[in-house]
**Q** 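My structure is below; once you've seen it, I'll send some questions.
In what follows, chains carry the letters A, B, and so on, assigned in the order in which the sequence lines appear, proteins first and then strands, with residues in each chain numbered from 1.
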There are 4 protein chains.
Amino acid sequence: MASLGLIGLGKMGFNMRERLRAAGHEVVGYDRNAEIADVGSLADLVAALPGPRIVWVMVPAGEATRQTVADLGEVLAEGDLVIDGGNSRYTDDKINGDLLATKGIGYLDVGVSGGVWGKENGYALMVGGAAADVERAMPIFDALRPEGEREESFSHAGDVGAGHYAKMIHNGIEYGLMQAFAEGFELLEAANVVTDVPAVIKGWQRGTVVRSWLLDLLVLALEEDPELDDLEGWVEDSGEGRWTLEEAIDNAVPAPVLSAALFARFASRRPNSSSMRAVAALRNQFGGHAVKKVAE
Amino acid sequence: MASLGLIGLGKMGFNMRERLRAAGHEVVGYDRNAEIADVGSLADLVAALPGPRIVWVMVPAGEATRQTVADLGEVLAEGDLVIDGGNSRYTDDKINGDLLATKGIGYLDVGVSGGVWGKENGYALMVGGAAADVERAMPIFDALRPEGEREESFSHAGDVGAGHYAKMIHNGIEYGLMQAFAEGFELLEAANVVTDVPAVIKGWQRGTVVRSWLLDLLVLALEEDPELDDLEGWVEDSGEGRWTLEEAIDNAVPAPVLSAALFARFASRRPNSSSMRAVAALRNQFGGHAVKKVAE
Amino acid sequence: MASLGLIGLGKMGFNMRERLRAAGHEVVGYDRNAEIADVGSLADLVAALPGPRIVWVMVPAGEATRQTVADLGEVLAEGDLVIDGGNSRYTDDKINGDLLATKGIGYLDVGVSGGVWGKENGYALMVGGAAADVERAMPIFDALRPEGEREESFSHAGDVGAGHYAKMIHNGIEYGLMQAFAEGFELLEAANVVTDVPAVIKGWQRGTVVRSWLLDLLVLALEEDPELDDLEGWVEDSGEGRWTLEEAIDNAVPAPVLSAALFARFASRRPNSSSMRAVAALRNQFGGHAVKKVAE
Amino acid sequence: MASLGLIGLGKMGFNMRERLRAAGHEVVGYDRNAEIADVGSLADLVAALPGPRIVWVMVPAGEATRQTVADLGEVLAEGDLVIDGGNSRYTDDKINGDLLATKGIGYLDVGVSGGVWGKENGYALMVGGAAADVERAMPIFDALRPEGEREESFSHAGDVGAGHYAKMIHNGIEYGLMQAFAEGFELLEAANVVTDVPAVIKGWQRGTVVRSWLLDLLVLALEEDPELDDLEGWVEDSGEGRWTLEEAIDNAVPAPVLSAALFARFASRRPNSSSMRAVAALRNQFGGHAVKKVAE
């Protein structure tokens, strides 16, 4: 059994600590929220772990993660290993890894998928970094991932950065899949030919080409709310969808589906947009077409 | 000077009668609205014209046009010529033309562009049909189109149907152009880097790559309403945009811009859509992401 | 156990006969190919079945199906039931159903999903028609669908037409899902950050948000051909994707992901397209930009 | 008449020197290519101009422009004014402007449109910076822009950066306009209903809603090559289209038309793409659909 430091005990980190402990690993957790933390500081966390140490960082991507990695560089020792399991942009990983390398500290980046279901089902893991570091952390990875064949929920994707790159693309695909189901749902509802839409979608769970976990989740959602009218059609996006599209731009790869899915979310948050007011204005100018005027 | 029967004195037909008369042509207009009509029936219209007659149909596309053509087949004589200048789907033209051909009556289909500005500026015309019929109607076409080189505002596009086909594609392009300007306008407004958006757009009218009539119209709209906030971003569509996309499907031609422009209009009329409620529901299911609940 | 007539023993029908017989049903199969048929004519098929009969039609959509249904109307008797399990457009179903109804013959339309895997795994079924007819055919449906909860692979979607409508939308979604995975695959390959692309995709099979049968199939494909370079990127489309988009147009529902997926297939079959030659020509005109000239 | 230093005498700068001199301005041009330069170094250029000086930079965007601005910071004097007329990303302008401000040197960024036609027709100008600097450079701007109303080809868009921002959006719109025409052209060619495609497009030049300079250029291109088959459908993109899409992402603004136009260019340069090979592989896996195998 391994000993592990775990920094960040939010929605994801908290559950991961549970799952790791259930698998018999010793986990020393640190969080700014002292009520859920096992130790009161990074220094305490380091002191509580036998060397060579493994410390898993699970804090918000960007500044918080970069700062935590830098802080760890100050308190860890040569031969220790830092794992960033957050949703960092893959370009941060080289910076983080290079910084720690100057001190002889190893670095792995891990894309983690599974959401709130991961505690019970296990988390899928995509890892970037040196093979020896990956091997060393394997007991941790094996405890976090679902039971069964390792290769079906774990990959060593490449060098430092490759784990987060793989997770970014995973999320980009996820955006596209969700939007595809969403458009199909709207078409089923709009045409009034299918009179039992939830039954049709439930009936796609086995035997069809579209069977998938997202479909299963849509079935759950429809069981709670058959017309989904408790919710508003207002959808946030997180970094990975945007980064995926920026990656498409940088590599000159067309990504029409992934961009359409992202734009649908943007549009859901822009009712009465400038663009459509401009189209309305143009139609009015050239054709005298009726427009909706804002009520006085 | 020619004599012409003109059926349908709506927004377009009324103006065309004015323009044709201003050019010295004799026009006998018929409309269901007796107040603006010159004659009280199709039979009166036929009686009022010396043969061989030319009758221009300018009524709503679809059933109204097909019925009018059929009615004309009953009252016109061999050697007469019917011109459909409405926004008919090009597939209607073969039906109309074949029907009239059985009676020895000629048929031309004409796509007419120019909107409310056409009365003063002239209408651009795209014509389908037999060359001899086109030649025969040329004095009418020359009066309707803008002054100057005929080839810059008039085309004989091909056989029966080709005029409306060309107009359909013209309108499909128009959808794309409008949406391109609209997206640019929204980006100018959203970023707050450009502080005088109307000035920038006005400054594109000459010397730029994007200079165009639609740009000129956007300038006019912004002069009336600099932030376009008297209007709602709720945009109708007419048949041609849809038909263009169906044509793309039938010919297996990708049309990502034209479809995006059409879908933006559809979306403008579907706030809180089923599809985006479905995406919100999925995010909530797998990630426990916050969603906007409908207020109690 | 039921007796069933089955017309059309192609890739799908042949396998379905096998699966039905394995479940203990008596199946009398007819096909124009006498080598695989059980009887030599529709009349023989009818004679071989005890009444009231159930006849499943599994022939190509469109003319072939409509003709088969019409032929069955001539040879079947009042109280018999025809099931169209092919990929008919849902608008054909009302025509077929009404025709048979005049003779007192029942009609169900069934969307069947499962492809070549259905023989072993079972087929998912979406059914349109009267509840009594659905109930009567249930033993057949139960034998064709996967084992387990009926509601997870079978739905009674609504009246006649609803089964094929649901299947059409299923396939539209399928187009979107496939394209989402395809774009992700291209982005993984293009950036050269992930050095073991097949391992990453295999590692998404469990625990991730994107886990799905299509992902499993992509894993199988990559196991056979890790860079997929035995194949050409030239992709056909069948009717359902096009019909789904036409349905979106008719119902004024935006479908950006489904259309992008369809257009990507169209584009894959149009190298050196007119549209991109036009863009190249325009760039050359206004900017003197370099263009690729066709080699002399 | 003003005196102006002009750095960079490429396709654009060379023509601008001509146009400025034709208007009576004194221009001292510097270029790394001594054959076309008026002076041999930046120092010579500075020495040749009476103070307070105006120096226009017209070199490639990015590193070359940033370096040139930095070099000018070393040789110019307080009270001088630098104008970047290249295609810099607007985020560079703040850096450049701040650097020069520390030395009391003014800075304007100017988006310039007009391409190879600008020498004769004039260039449209979008300017960012302080009002006093704009006023000071106005004689130069007036000489470069087309004759006529200043407001129709010149705008003071906002503070430093706003000129290049406006130009970026201009080019993003331009991508969308070009693709809209291109799709329409392909649809005209594909359907074989219109038999004289060049005539139809020429006939759109006056009176239509789509009349525009890009349409005029398409007419010119078709006059040279009626089916555009001397060119390959392989289209480059420059920075502005990509930047516009990145700006849409950063501001959470949907840009379906602009992205579709950019992706069409990307796709034109990726025949036999990984993504479409993946879709072909998936179809083959689930349906046994025929695929094109690479020839042995």
**Q** Tell me, for B:D237 versus chain C, whether the close heavy atoms (under 4.5 Å) come from the side chain, the backbone, both or neither.
**A**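 Answer is neither: B:D237 stays 4.5 Å or more from chain C.
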**Q** Between B:R269 and B:F266, is there a donor-acceptor pair closer than 3.5 Å when you use the side chain of the first and the backbone of the second?
**A**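 Not a single qualifying donor-acceptor pair exists.
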**Q** So does C:K167 pair up with C:E174, basic N to acidic O under 4.0 Å?
**A**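 Answer for the salt bridge query: no.
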**Q** Under 4.5 Å heavy-atom distance to chain B, tell me which part of C:V209 shows up: side chain, backbone, both or neither.
**A**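 Looking at C:V209, just its side chain touches chain B.
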**Q** Rounded to the nearest 0.5 Å, how far apart are CD of B:E236 and CH2 of B:W234?
**A**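 The distance works out to 4.0 Å.
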**Q** Let me know if C:A264 has heavy atoms under 4.5 Å from chain B in its side chain, its backbone, both or neither.
**A**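 Neither; nothing under 4.5 Å.
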**Q** Just checking, C:R145 and C:Y123: is the charged tip under 6.0 Å from the six-membered ring centre and within 45° of the axis?
**A**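 No - C:R145 does not lie over the ring of C:Y123 by the 6.0 Å and 45° rule.
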**Q** Which atoms of C:A260 come close to chain B, meaning under 4.5 Å heavy atom to heavy atom: side chain ones, backbone ones, both, or neither?
**A**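 C:A260 has no heavy atom closer than 4.5 Å to chain B.
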**Q** Where on C:R242 is there a heavy atom nearer than 4.5 Å to chain B: the side chain, the backbone, both, or neither?
**A**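 For C:R242, backbone and side chain are both near chain B.
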**Q** Are B:D84 and B:T65 close enough that some pair of their side-chain heavy atoms sits under 4.5 Å apart?
**A**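 Yes, their side chains come closer than 4.5 Å.
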